[in-house]
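The structure under discussion appears below in the form of structure tokens.
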Amino acid sequence: MDVYDVSDDLVKKLNDWKLIGIISGKFNELKDNYSKVNFVEHALIDFKYMEKIFLNVTLREDKCNKRSKEFRMLGNEQFSLKNRKYFQALELYNKSICFAELNSEHLSIGYANRSAVLFAWKRYRECLANIELARKANYPERLRHKLDKRERDCQELLDQQAPDVVPYEFKLSFDAHPQVPYIADCLELRETSDEGRFIVTTRDLVVGDLVAAEQPFCSTLLPPMRYIRCANCKNENYLTLIPCDNCCSAMFCSEQCKQQAMSTFHKYECPIIDFLHRMFNKIHGIALRTTLSALDLHDSIEDLMAYCELPHNQNKCAFDLDYSNLTPQEHYRAIHGLVTNRQLRTVSDLFQRSVVCAILKHFIIEYTPLKELLGGEEGRNFFTELLFRHLQTSPSNMHGIDLVEQVNETKDDQTHSSGAYAFLSLLNHSCAPNTLRIYEGTKAYLFVLRPIKAGGVLYDNYGAHFAIFSKKQRQETLSMQYRFNCKCEACELEYPTFGRMPHKDTVPSVNDDTDMKSLGAYNYDFAARNYRKYCDFLTQYAAAYPCEQISSAEECLKMALHILVDAVPLKAKM
């Protein structure tokens with residue numbers, strides 16, 4: 001069961017009972033979003049859906065030594081001489097650590113077992129960190145001789161561990177924008193009735209130019225990554241993660257990150273975290289986190305209400321802010337001002353979105369400390385209004401934070417988090433984009449992928465690239481999720497997918513098997529030496545776009561940039 005199953009079942013029942021017309025009519029008459037959501041919430045309560053969800057979906061799994069031991073045994077099996085599957089073992093040991101009851105020996109044994117994997121893997125610094133965690137967690141005296149020996153061996157071998165990769169230090173290719181200092185000063189905001197808001201450049205740009213380096217307003221970790229990355233900073237730190245004291249679905253890279261999360265978003269999400277993971281998707285997750293982050297910036301719900309209702313805080317974007325004197329509250333102005341596309345939505349779309357919002361707000365208010373923060377009806381209604389707003393803006397404005405593409409990996413394995421970016425949200429889509437997003441942690445770098453003349457528009461890709469998907473597939477996806485009919489050059493000129501792309505005799509090949517082998521091995525030195533070669537080639541032969549040679553060079557450049565910012569998962573590098 002997820003939230004869409006509930007929505008579909010409710011609509012089916014209303015149709016069966018001949019009530020859909022009456023309910024839709026009453027729903028459509030309501031003007032305020034919170035009124036629509038409250039109306040749907042009452043229907044869900046009356047028809048026993050909230051009760052059914054509560055009885056069938058666990059809000060939060062309890063710590064359990066029995067399950068902790070089960071995960072540890074599974075980890076031992078993966079780490080055995082027969083398997084030696086270090087990554088699988090580490091993730092299972094992390095689950096064991098997360099499920100272990102506080103002050104139980106299962107927690108300390110989980111850390112100790114993790115240290116054994118790291119010693120075998122020659123990750124001696126991290127091995128010592130886990131030995132220290134095991135000791136602090138009261139590792140059993142009967143087993144300490146093993147830990148003591150491993151520690152002595154680690155100390156002797158520590159110098160043999162290679163230093164970690166230090167990400168390449170990219171800097172903006174031009175002076176910083178005087179008002180928005182994390183973008184180049186050549187970028188400007190334009191707006192038309194057809195295109196909405198979009199970004200243009202006032203000077204010629206060549207491939208490889210870095211024109212933006214943006215940190216998100218907030219971000220949220222995707223559930224499949226919860227035993228691999230820190231729930232707070234999103235760093236891939238699963239060699240030394242520590243668990244939340246209360247839930248079994250959040251881990252942190254340090255006590256500092258743990259305390260920061262517990263004092264902000266996690267104190268609200270923690271009591272219902274498994275319910276959130278089971279019932280909702282990443283779009284709903286970032287909408288909730290954005291709303292909670294906005295609340296955290298203010299002393300009270302009344303302060304946030306007053307802030308959002310001020311006329312000069314309405315419909316703002318990154319270019320309306322003074323980043324030389326930017327407060328976190330000001331940063332939120334640009335996120336609050338993202339377009340909702342409400343006028344383009346059908347009654348059925350708004351009804352389904354109201355079901356999502358109603359279930360989400362009902363459980364987070366009723367079963368977490370948020371109830372005390374919101375106070376009475378006015379505070380609850382405002383929270384509902386804000387959550388509904390971000391449920392509308394998230395699908396078309398929030399960004400997946402991803403890693404390098406890997407062989408035999410799915411897109412879910414590449415994307416680890418979702419983020420709310422004020423500037424990046426202003427870029428329009430093209431199925432043949434001229435920019436490229438690369439992430440260092442949650443920081444987004446925007447590189448030029450194809451030359452852009454002065455006055456030209458910067459285009460991002462929303463996940464529907466012409467080289468991978470047919471025009472029909474792209475049009476359907478973009479219409480459904482983003483509410484527009486794409487008329488980019490790839491759609492208008494019917495660009496072929498990669499398998500049908502021509503090889504042009506007038507264009508040389510800049511890469512060969514050596515490039516693919518070295519980049520496929522995530523060779524940092526090779527990437528650093530050669531990425532400019534791909535940039536220069538793509539700039540010089542831009543007029544031949546699209547063709548097989550250019551597409552191959554683009555893939556090499558993308559891979560090289562991912563390697564340089566270390567946007568490569570640890571398991572791919574080992």
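By convention here, the first residue in the shown sequence is residue 1.
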* Main-chain N/O of Glu169 paired with Lys171 side-chain donor or acceptor, under 3.5 Å -> no

* Mind checking what makes salt bridge (charged side-chain N to carboxylate O under 4.0 Å, His left out) contact with Glu476, not counting sequence neighbours? -> Lys472

* Give a yes or no on whether the backbone of Ser300 and the side-chain of His298 come within a donor-acceptor separation of less than 3.5 Å. => no

* To do: Answer whether the closest heavy-atom distance between the side chains of Gln475 and Asn485 falls below 4.5 Å.
  => yes

* Presence of salt bridge, Glu41 and Lys361, under 4.0 angstrom -> yes

* **Exam field: side chain Asp8 to backbone Asp5, donor-acceptor pair closer than 3.5 Å** => no

* Asked: Can any side-chain N or O of His390 pair as donor or acceptor with the backbone N or O of Leu387 at less than 3.5 Å?
  -> no

* Asked: How many angstroms lie between atom OG of Ser293 and atom CD1 of Ile286, to the nearest 0.5 angstrom?
  -> 7.5 Å

* **Atom pair CG (Leu427) and CG (Leu446), whose distance is rounded to the nearest 0.5 Å** => 5.5 Å

* Donor-acceptor pair, side chain of Asn313 and main chain of Lys316, under 3.5 angstrom -> no

* To do: Under the side-chain contact (heavy atoms from CB on, under 4.5 Å) rule, collect the residues that match up with Lys31, sequence neighbours excluded.
  => none

* Asked: Are more than 12 heavy atoms from other residues, nucleotides or ligands located less than 6.0 Å from atom CG of Asp299?
  -> no

* To do: Decide whether Glu489 and Tyr495 meet the rule of one side-chain donor and one side-chain acceptor closer than 3.5 Å.
  => yes

* Structure fact -> The side-chain contact (heavy atoms from CB on, under 4.5 Å) partners of Leu30 (sequence neighbours excluded) come to Ser35, Lys36, Phe39

* Are any of the side-chain heavy atoms of Cys253 and Cys233 separated by less than 4.5 Å? -> yes

* For Ala454, does its backbone N or O pair with a side-chain atom of Asp204 as donor and acceptor, under 3.5 Å? -> yes

* To do: Kindly say whether Val3 contributes a backbone atom to a donor-acceptor pair with the side chain of Ser7 at under 3.5 angstrom?
  => no

* Decide side-chain contact (heavy atoms from CB on, under 4.5 Å) for Asp566 and Tyr522; before the verdict, give the C-alpha distance in whole Å, the side-chain angles of both, and the deciding distance to 0.1 Å. => CA-CA 9 Å; Asp566 200 26; Tyr522 308 105; over 6 Å; no

* Quick check: are there more than 12 heavy atoms from other residues, nucleotides or ligands sitting under 6.0 Å from CZ of Phe484? -> yes

Residues 363-370 side chain polar contacts: donor-acceptor under 3.5 Å, at least two apart:
unit_1, atom_1, unit_2, atom_2, d
Glu366, OE1, Lys371, NZ, 3.3
Thr368, OG1, Ile364, O, 2.4
Thr368, OG1, Leu370, N, 3.1

* **Non-hydrogen side-chain atoms of Leu241 and Phe252 separated by less than 4.5 Å** => no

* Structure fact -> salt bridge (charged side-chain N to carboxylate O under 4.0 Å, His left out) filter on Arg437, not counting sequence neighbours, yields Asp460

* To do: Quickly, which of Leu189, Leu187, Val457 forms a side chain to side chain contact (heavy atoms under 4.5 Å, CB included) with Val200? Name it, please.
  => Val457

* To do: Flag the pair Thr435 / Phe447 as yes when at least one side-chain heavy-atom distance between them is below 4.5 Å, and no otherwise.
  => no

* Can Tyr421 and Asn397 be counted as having a side-chain donor-acceptor contact under 3.5 angstrom? -> no

* Asked: Which pairs pass salt bridge (charged side-chain N to carboxylate O under 4.0 Å, His left out) with one or both residues in residues 215-226, sequence neighbours excluded?
  -> none

* To do: Please check if the side chain of Glu214 supplies one atom and the backbone of Phe423 the other of a donor-acceptor pair under 3.5 Å.
  => yes

* Asked: Judged by modelled atom types alone, do Ser219 and Lys234 share a side-chain donor-acceptor pair under 3.5 Å?
  -> yes

* **Step-by-step ring pair (Phe, Tyr, Trp, His ring centres under 6.0 Å) determination, Phe170 to Tyr168** => CA-CA 6 Å; Phe170 284 104; Tyr168 192 92; 4.7 Å; yes

* To do: Name all residues meeting the side-chain contact (heavy atoms from CB on, under 4.5 Å) criterion together with Thr202; count only those two or more places apart in sequence or in a different chain, and write none if there are none.
  => Cys186, Glu188

* Given side chains that start at C-beta, do those of Val206 and Val448 come closer than 4.5 Å, heavy atoms only? -> no

* Asked: Side chains of Asp402 and Gln414: is there a donor and an acceptor less than 3.5 Å apart?
  -> no

* **salt bridge (charged side-chain N to carboxylate O under 4.0 Å, His left out): pairs with one or both residues in residues 256-274, sequence neighbours excluded** => Asp245-Lys258, Glu269-Arg289

* To do: Sequence neighbours left out, what passes side-chain contact (heavy atoms from CB on, under 4.5 Å) with Arg353? Give chain and number order.
  => Arg345, Asp349, Phe388, Leu391, Gln392, Pro395, Arg483

* Indicate whether any N or O donor in one side chain lies under 3.5 Å from an N or O acceptor in the other, for Asn33 and Arg342. => yes

Acceptor/donor pairs from residues 304-312 side chains to any protein atom, 3.5 angstrom cut, sequence neighbours excluded:
unit_1, atom_1, unit_2, atom_2, d
Tyr307, OH, Gln329, O, 2.8
Tyr307, OH, Glu330, OE2, 3.1

* **Flag, side chain of Asn28 to backbone of Gly25, donor-acceptor distance under 3.5 Å** => no

* Got a second to check how far Ser254's OG is from Ile242's CD1, nearest 0.5 Å? -> 6.5 Å

* Asked: Taking side chain as C-beta onward, heavy atoms only, is Thr415 less than 4.5 Å from Leu222?
  -> yes

* Does the side chain of Ser430 come within less than 4.5 Å of Asn461's, by heavy atoms? -> no

* Asked: Ser470 and Gln473: side-chain donor and acceptor closer than 3.5 Å?
  -> yes

* Asked: How would you list all residue pairs meeting salt bridge (charged side-chain N to carboxylate O under 4.0 Å, His left out) that involve residues 414-431, not counting sequence neighbours?
  -> none

* Could you check if a side-chain atom of Ser249 sits within less than 4.5 angstrom of a side-chain atom of Tyr227, using non-hydrogen atoms only? => yes

* Non-neighbouring partners of Tyr482 that pass side chain to side chain donor-acceptor pair (under 3.5 Å), sequence neighbours left out -> none

